[in-house]
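Working notes, beginning with the structure itself.
Model, not experiment: these values are computed from the prediction. Whatever order the structure lists them in is the order used to number ligands and atoms, beginning at 1.
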Amino acid sequence: MKINGRAYRTIWELPNQKGVEVIDQTKLPHQFVSVELTSMDDAARAIRDMTIRGAPLIGATAAYGMAMALRDDASDENLDRAHDLLLETRPTAVNLRWALKRICDAVRNRPRDARFNAAWDEAKKIADEDVEVCRRIGMHGLAILREAYEKKSARGDTAPLNVLTHCNAGWLACVDWGTALAPIYMAHDSGIPIHVWVDETRPRNQGASLTAYELGAHGVNHAIVVDNAGGHLMQHNKVDVCIVGTDRVTANGDVANKIGTYLKALAAHDNQVPFYVALPSSTIDWETQTGAEIPIEYRAATEITHMTGRMPDGTVATLAISAPGSDAVNPGFDVTPARLVTGFITEAGVCAANEDGLRELFPHENTSPPSGERQRARKAGER
Ligand code: MRU
């Protein structure tokens, strides 16, 4: 996407396979700076401290991290060590495990001296595929937004289409385009009047700092709201559609995403507002049956008790905002049950938020037998 007229991806290769460069998202929206990652440890640190974040971008960065590890030592021991170290950086986004497995599968049966190039090429494929996958998510989501706008206009309502989104599932969370924001960009570019309610998304404010930054740079009409405002806006018919991203969708269709997503889904359900989840197939965890099994990341209390912002003199500072001495507990994600999700917007099309819907779009991905068959087999086994 473009910043000040210049096209950017969130991650790009340095010359001579020296490493990669990424936009430092901890400095946004106050400073647009990039940092070089020239080792596996750099990549792991950038994921852990959220220099980069967002499920698809975490996957792409980890893939390059693996390649850089193999550049330094292409042994099986180092392959496993790098895999395990990168895997433990953040637990919820399944793209991390997906990307690490792809690199291991691409190199494990290769001679050591071929592993670095094979891993680097696979990481590049993962990044390039993500751009095309997100563009296709945008196209399938555009159809949903266009239909919603046409329905609204047909009711004689001349207001723009109001879309609510939570956290940042834009191009900054991927390699380009984004997931939840891709349909919004395409709707805007195709002339559909659109207005976005941007949840600030405490405690790290990915909405207020990253989503608002992206939408502003693309000229999309938007307003930041506190996380607790969405229900009220829905009760007053100010939200036509909700679109969010996800860090992991389980085989039954449950959705893990930034903390607060579940409450938005409940409010949408209570007010008959369509609630869509946009995702690449790399975010589907076919090995995990239900949301209750998803590991939820807990992060530092200081993310809640302190906040970073720009001072009047332009300097960026972190301030304490809570009562001194009080503890804070910081779950980073929650799980929205499939029953509250209107549908999934994927690169292969739109489907119902359930196992059958996902299997229809991705028949070759889930090798385990359908839950019905598993239940029957289990009962037969119990007899
Ligand atoms: O903690 P973050 O910023 O990595 O959380 C990101 C989200 O929850 C996004 O919604 C999700 O990763 C989807 S990104 C396309």
What atoms of ligand 1 come closer than 4.0 angstrom to any heavy atom of [X]?
X    : result
C174 : 15 (C)
A55  : 12 (O), 14 (S)
G54  : 4 (O), 12 (O)
Q206 : 1 (O), 2 (P), 3 (O)
F333 : 1 (O), 5 (O), 8 (O)

Contact partition for [X] relative to ligand 1, non-hydrogen atoms under 4.0 Å:
X    : answer
A180 : neither
A93  : neither
R90  : side chain
C167 : side chain
N168 : backbone

Quiz question: by atom type and distance under 3.5 Å, do the side chains of S282 and N95 form a donor-acceptor pair? yes
Regarding N330 and E303, do their side chains bring together a donor and an acceptor under 3.5 Å, going by distance alone? yes
Validation row, ring centre H188 to ring centre H218 under 6.0 Å: yes
Do the two ring centres, one from Y8 and one from F32, sit under 6.0 Å apart? yes
Please state whether M50 comes within less than 4.0 angstrom of ligand 1, counting heavy atoms only. yes
Pairs of nitrogen or oxygen atoms closer than 3.5 Å, one from A169 and one from ligand 1: do any exist? no
[atom]: which protein heavy atom is closest, and how many Å away?
atom                    : value
atom 14 (S) of ligand 1 : A173 CB, 3.5 Å
atom 6 (C) of ligand 1  : R53 NH2, 3.6 Å
atom 13 (C) of ligand 1 : T246 O, 3.4 Å
atom 5 (O) of ligand 1  : K258 CE, 3.3 Å
atom 15 (C) of ligand 1 : T179 OG1, 3.2 Å
atom 11 (C) of ligand 1 : D247 OD1, 3.2 Å
atom 10 (O) of ligand 1 : N257 OD1, 2.6 Å

In plain terms, say whether E129 and R102 are close enough for a salt bridge, that is, a side-chain N and a carboxylate O under 4.0 Å apart. yes
Identify whether the distance between the nearest side-chain nitrogen and carboxylate oxygen of R108 and D80 falls below 4.0 Å. yes
Output yes when a side-chain donor or acceptor of [X] lies under 3.5 Å from a complementary backbone atom of [Y], and no otherwise.
X    : Y    : answer
H236 : M234 : no
R115 : L79  : no
T261 : I259 : no
R310 : T315 : no
K264 : D227 : yes

